[in-house]
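What follows is one structure encoded as structure tokens, with my remarks underneath.
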There are 2 protein chains.
Amino acid sequence: MESENKNSGYGGMESGVVVANKRKLRGSDVILRFLALALSLAAAVVLGVNNETTTVAMTLVPTLPPVNVPVTAKWHYLSAFVFFVVSNSIACAYAAVSLIVKLANRSGKKGMEMMFILVDLIMVALLFASVGAALAIGLMGYEGNSHVQWKKVCHVFDRYCDQAGVAIGLSCGASLAYFVLVVLAVLKRC
Amino acid sequence: MESENKNSGYGGMESGVVVANKRKLRGSDVILRFLALALSLAAAVVLGVNNETTTVAMTLVPTLPPVNVPVTAKWHYLSAFVFFVVSNSIACAYAAVSLIVKLANRSGKKGMEMMFILVDLIMVALLFASVGAALAIGLMGYEGNSHVQWKKVCHVFDRYCDQAGVAIGLSCGASLAYFVLVVLAVLKRC
């Protein structure tokens, strides 16, 4: 009787809605993983290839006039940016692997689903930490700080700083994609 | 028949195990919230009350000998530390509220449980971002960076830097407590 109810009348309608909801959640899961892949890849590339060389006037000897010295900004000069590029590369690689596994394995075994939720959550932590670190150093570059006598550098490396800002924005998008993935996984289990 | 099975034989054993597991998870949930409360409160207080005044020799006029100038380090001089203290205060306040609600409302309604998981996840993102930001600025203070000409300051403010390091460590603990809370909530639903 119980199994009949599930497949007919209200029971049938209910199971139809559940299946439709699960399909929607599955579709959203794939779209979000693709978004996370694209955004984290773009963030890592935009900051990774970012470099700018410019000349600044420096007084080397107080009695002589200032000399124009070439200076270069690269992502691996700052440890926060190294952490940012590495984190986004890891998030990108995991998004690619999880997308392939999700598309190939449609059954969705319980153990595998749990592992995906756990690694998605690790990606949330990793990406938010890297965005926080890059933003803190980026803001210091834009504004400087008189208390610790760290001068702003973004008026010299303006293109470099703009590009770093774009990379941070892209990584924010990837972090939010992973965040929504965890929320959807929890909703799926309710 | 079905209801009888649930309360006797294997059914009874199974439901007994489920109840015991739910109690264990509930106990872990309360302990983790208490840990998150204590650690985030300690992190906010340790960095919030942290200040150090010392004297440094500064050359104000090139022709005159250096003068000893008093300099002070406070948490609100750096925006990353302000973000850190505010984030940990929010995480601490939420841990206190959620702990009271969890202890008062033992039924655990589905909607409320969902809201808790969502806010726990927001706390994971917020705390990891603030730890990343504070760590990036803290490391810069310890090591400096010759490329952007930001000199290290921790050899001057050594006690302040040590205390900031302790605060970051405590906040890492609070972040992990919220992380495990989300993992447990997902496990509970499997």
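Both backbone and side-chain heavy atoms feed into the values below; hydrogens, waters and symmetry mates do not. Throughout, protein chains are lettered first and strands after them, A, B, ... in sequence-line order, and every chain is numbered starting at 1.
For OH of A:Tyr77, the number of neighbouring non-hydrogen atoms (other residues, nucleotides, ligands) closer than 6.0 Å is greater than 12. Under a cut-off of 6.0 angstrom, the local environment of OH in B:Tyr142 is crowded, with over 12 non-hydrogen atoms contributed by other residues, nucleotides or ligands.
Interface check for chain A: of the options B:Gly132, B:Ala80, B:Ser130, the most heavy-atom pairs under 4.5 Å are formed by B:Gly132. For the options B:Gly144, B:Ser175, B:Ala125, heavy-atom pairs under 4.5 Å to chain A are most numerous at B:Ala125.
Side-chain heavy atoms closer than 4.5 Å link hydrophobic residues (I, L, V, M, F, W, Y) into clusters, and following such links, even through other members, never connects A:Val49 to A:Phe83. Transitive grouping of hydrophobic side chains (ILVMFWY, heavy atoms separated by less than 4.5 Å) keeps A:Leu139 and A:Val166 in distinct clusters. B:Phe116 and B:Val119 fall within a single hydrophobic cluster, where Ile, Leu, Val, Met, Phe, Trp and Tyr side chains are chained together by heavy-atom contacts under 4.5 Å. Residues A:Leu47 and A:Val45 do not share a hydrophobic cluster, clusters being chains of Ile/Leu/Val/Met/Phe/Trp/Tyr side chains in contact below 4.5 Å. In the hydrophobic cluster analysis, where Ile, Leu, Val, Met, Phe, Trp and Tyr join through side-chain heavy atoms closer than 4.5 angstrom, A:Ile31 is grouped apart from A:Val101.
The nearest pair of heavy atoms linking A:Leu121 to B:Val183 is CD2-CG2, 3.6 Å.
A 4.5 Å side-chain heavy-atom check between B:Ile137 and A:Val148 finds every atom pair outside the cut-off. You'll find the side chain of A:Ile122 reaches within 4.5 Å of the side chain of B:Phe179, heavy atoms only. Within the 4.5 Å cutoff, the side chain of A:Val186 has heavy atoms near those of the B:Met114 side chain.
Rounded to the nearest 0.5 angstrom, A:Phe128 CZ and B:Phe128 CZ are separated by 11.5 Å. Of the inter-residue distances, the one linking A:Lys152 atom NZ with B:Trp150 atom CH2 reads 12.5 Å to the nearest 0.5 angstrom. The structure places NE2 of B:His147 at 8.0 Å from NE2 of A:His76, a figure rounded to the nearest 0.5 Å.
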Q: I would like to know whether B:Met140 and A:Leu78 meet side chain to side chain contact (heavy atoms under 4.5 Å, CB included); could you show each step before the answer?
A: CA-CA 9 Å; B:Met140 189 60 79; A:Leu78 290 159; 3.6 Å; yes

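Residue B:Leu126 does not touch chain A at all, counting heavy-atom pairs closer than 4.5 Å.
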